[in-house]
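Report on one structure; see the data block that follows.
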Amino acid sequence: MSQLRLNPLTGRWVTINAERAMRPTDFATRIQTVESDPSRPCPFCPGHEDPSAPAMLTVGDGDDWKMRVIPNLYPAFDGEDSLAVRNLGPVHVMAEASGTHEVFVFTRDHHGGIDTFGDDSCGQIMSVLKQRLLEHAATRNIRYTQAIVNHGREAGASLSHPHGQLLGLPFVPGEILDEERAFVRFEGGCILCATVESELVSGERVVLATDDAVVVCPFWSGGPYEMLVIPRHHDQHLPDASDESLAGVGRAIRDALAHLNAVFPDVSFNLVFHTAPHQHDGPFHWHAHLWPKLTTVAGFERGTGVMINIVPPEQAADELRRVGANA
Ligand code: AMP
Ligand code: ZN
Ligand code: ZN
């Protein structure tokens, strides 16, 4: 069972979970307690479905499924309790890490990356995401759902089959609270609507722009080739967005990854969706961050939270844009 522990220096929760060290991995890591075994069958490939852990959602029929959302066998968050905070001492504050942890298998194809997906698959991924978020929103103890994709060992992936994860949390994480506060603080309307408007004027940080989404290397990029995917339509929560808008954003994410892969073939990355917390109604504009894993966060960055980015976002966007033109 996972535990939440509060870091009193930052006010942020930490999750402690020893069982997750036992999860299988395709990649060798420094701290792993299980051997990586390339001959081990992939649990996400067709034919290896676990009948004792039925899918929460399936696209396609029976054995012929196209996408699946399944319970994570090594959940970091699990259980139906609401957040019950206990003070074990003046600086020892903890709670059970209740919630849900799901794996979203994007495709039957073990080697098919998102950058190669057809338009239909892009729309289906976003539609599944919407359906799971709606279900989480209706689940009493889930306050926020973090959807992520880890691709590649350096980005923290343990399995290489194309997949994402949905973590339904019993609290709203600090990163989201910070973004919510920023939307409230901003006086010129919506931060991300204003970003789209001003970035399209010069175009120097724009990677691609469609009717549904604008992908930029943000002016404030903390790392090389970082991208921000901004839906053109202003919606607070991801599930507020229309199916057309969602499908368009899905295609823009696919294209942004294709541009990234053209510059750095099979680079590791984290893709992270940020949406307003389920029951919150304050200003927000859902979006996705795409962080290629090209450098290591070192002492200065960890110590101060101040990132040092060695590639200006204008240069990164220029390179990413150009490979698109040649594709
Ligand atoms: P990642 O670590 O980002 O590659 O995500 C893979 C996730 O799959 C991890 O969170 C594992 O806990 C989870 N996992 C590993 N094996 C299984 C399995 N057989 N069924 C369901 N989830 C699994
Ligand atoms: Zn596989
Ligand atoms: Zn964000």
Side-chain angles (χ1 to χ4, degrees), residues 2 15 17-27 29 31-34 36-56 65 67-78 100-113 144 146-167 172-183 186 190-192 195 216 218 220-222 226-231 236-238 268-277 283-291 293:
S2 276
T15 311
N17 183 316
E19 288 92 39
R20 275 181 68 74
M22 301 309 293
R23 70 195 194 279
T25 178
D26 290 340
F27 311 110
T29 63
I31 200 170
Q32 74 178 34
T33 54
V34 288
S36 68
D37 174 9
S39 65
R40 182 182 41 79
C42 169
F44 303 155
C45 269
H48 299 127
E49 299 85 356
D50 179 355
S52 67
M56 284 111 166
W65 58 267
M67 297 177 185
R68 308 172 80 217
V69 179
I70 57 174
N72 192 310
L73 202 58
Y74 307 87
F77 296 87
D78 192 23
T100 184
H101 193 167
E102 303 166 6
V103 174
F104 181 177
V105 181
F106 294 144
T107 166
R108 301 170 72 82
D109 180 1
H110 190 86
H111 300 286
Y144 186 75
Q146 184 57 64
I148 57 166
V149 178
N150 297 329
H151 173 83
R153 176 222 308 253
E154 294 81 6
S158 53
L159 295 172
S160 56
H161 192 115
H163 68 281
Q165 299 182 55
L166 287 140
L167 296 96
V172 179
E175 197 69 19
I176 305 304
L177 292 172
D178 279 356
E179 286 198 358
E180 281 191 295
R181 281 192 277 268
F183 277 100
F186 189 70
C190 163
I191 296 176
L192 293 189
T195 302
V216 297
W220 53 84
S221 293
E226 170 181 336
M227 286 181 252
L228 182 61
V229 181
I230 310 172
Q236 280 171 292
H237 304 89
L238 183 152
S268 297
F269 65 82
N270 299 111
L271 173 67
V272 161
F273 290 87
H274 279 167
T275 172
F284 207 86
H285 183 145
W286 77 275
H287 56 276
H289 298 271
L290 175 52
W291 286 300
K293 187 71 187 151

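Here the structure is a predicted model, which is why all the values come from computation and not from measurement. Both counts, for ligands and for their atoms, begin at 1 and track the order of listing.
- Put simply, the angle at the Zn ion (ligand 3) from OE1 in Glu179 to NE2 in His289 is close to 170°, to the nearest 10°.
- Of the inter-residue distances, the one linking Phe273 atom CZ with Ile148 atom CD1 reads 11.0 Å to the nearest 0.5 angstrom.
- The protein non-hydrogen atom at the shortest distance from atom 8 (O) of ligand 1 is Phe44 CZ, 3.4 Å.
- When distances from the Zn ion (ligand 3) to the N, O or S atoms of His287 are compared, NE2 comes out shortest.
- Both the backbone and the side chain of Asn72 come within 4.0 Å of ligand 1, counting heavy atoms alone.
- In the candidate list Leu73, Ile70, Asn150, Val105, Leu73 is nearest to atom 17 (C) of ligand 1, counting heavy atoms.
- The ring of Phe269 has its center closer than 6.0 angstrom to the ring center of His151.
- By the criterion of a heavy-atom distance under 4.0 Å, neither the backbone nor the side chain of Ala76 is placed next to ligand 1.
- Ranking the protein heavy atoms by distance from atom 3 (O) of ligand 1 puts Gln165 NE2, 2.7 Å first.
- Here Pro43 has side-chain heavy atoms under 4.0 Å from ligand 1, and that is the only part of it that gets that close.
- Looking only at atom types and distance, the side chain of Glu179 has a donor-acceptor partner in the side chain of His274 under 3.5 Å away.
- Which parts of ligand 1 touch Val103 is read off a 4.0 Å heavy-atom cut-off, strictly below it: atoms 8 (O), 22 (N).
- In this structure, the protein non-hydrogen atom closest to atom 6 (C) of ligand 1 is His163 NE2, 3.3 Å.
- In this structure, His48 does not count as a contact residue of ligand 1, since none of its heavy atoms falls inside 4.0 Å of the ligand.
- Counting just the N/O/S atoms of His161, the one with the shortest distance to the Zn ion (ligand 2) is named ND1.
- Nearest N, O or S atom of His110 to the Zn ion (ligand 2): atom ND1.
- Contact atoms of ligand 1 toward Ala157: 1 (P), 2 (O), 3 (O), 4 (O) (distance under 4.0 Å to a heavy atom of the residue).
- Of all protein heavy atoms, the one lying nearest to atom 2 (O) of ligand 1 is Ser158 OG, 2.6 Å.
- Atom CG of Leu271 is separated from atom CG of Leu290 by 6.0 Å, given to the nearest 0.5 angstrom.
- Shortest contact from atom 15 (C) of ligand 1 to any protein heavy atom: Leu159 CD1, 3.6 Å.
- Taking backbone and side-chain atoms together, Cys45 has an N/O/S atom less than 2.8 Å away from the Zn ion (ligand 2).
- Centroid-to-centroid, the aromatic rings of His163 and Phe44 come within less than 6.0 Å.
- With contacts defined as side-chain heavy-atom distances shorter than 4.5 Å, the pair Asn72/Gln165 qualifies.
- Distance check: His101 NE2 to Leu73 CG gives 11.0 Å after rounding to the nearest 0.5 Å.
- Looking at Arg153 and Asp26, no side-chain N of the basic residue comes within less than 4.0 Å of a carboxylate O on the acidic one, giving no salt bridge.
- Checked by distance only, ligand 1 and His101 stay at 3.5 Å or farther apart across all their nitrogen or oxygen atoms.
- Using modelled atom types, no side-chain atom of His111 and backbone atom of Asp109 make a donor-acceptor pair closer than 3.5 Å.
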(message) Working note: Glu175 + His289, criterion side-chain hydrogen bond (donor to acceptor under 3.5 Å, both in side chains); need CA distance, chi angles, decisive distance, verdict.
(response) CA-CA 12 Å; Glu175 197 69 19; His289 298 271; over 6 Å; no

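- For the Zn ion (ligand 3), the nearest N, O or S atom contributed by His274 is named ND1.
- Not a single N, O or S atom of Glu175, from either the backbone or the side chain, sits less than 2.8 Å from the Zn ion (ligand 3).
- The shortest distance between side-chain heavy atoms of Leu167 and Tyr144 does not fall below 4.5 Å.
- Contact check for Asp50 versus Pro43: no side-chain heavy atoms found under the 4.5 Å cut-off.
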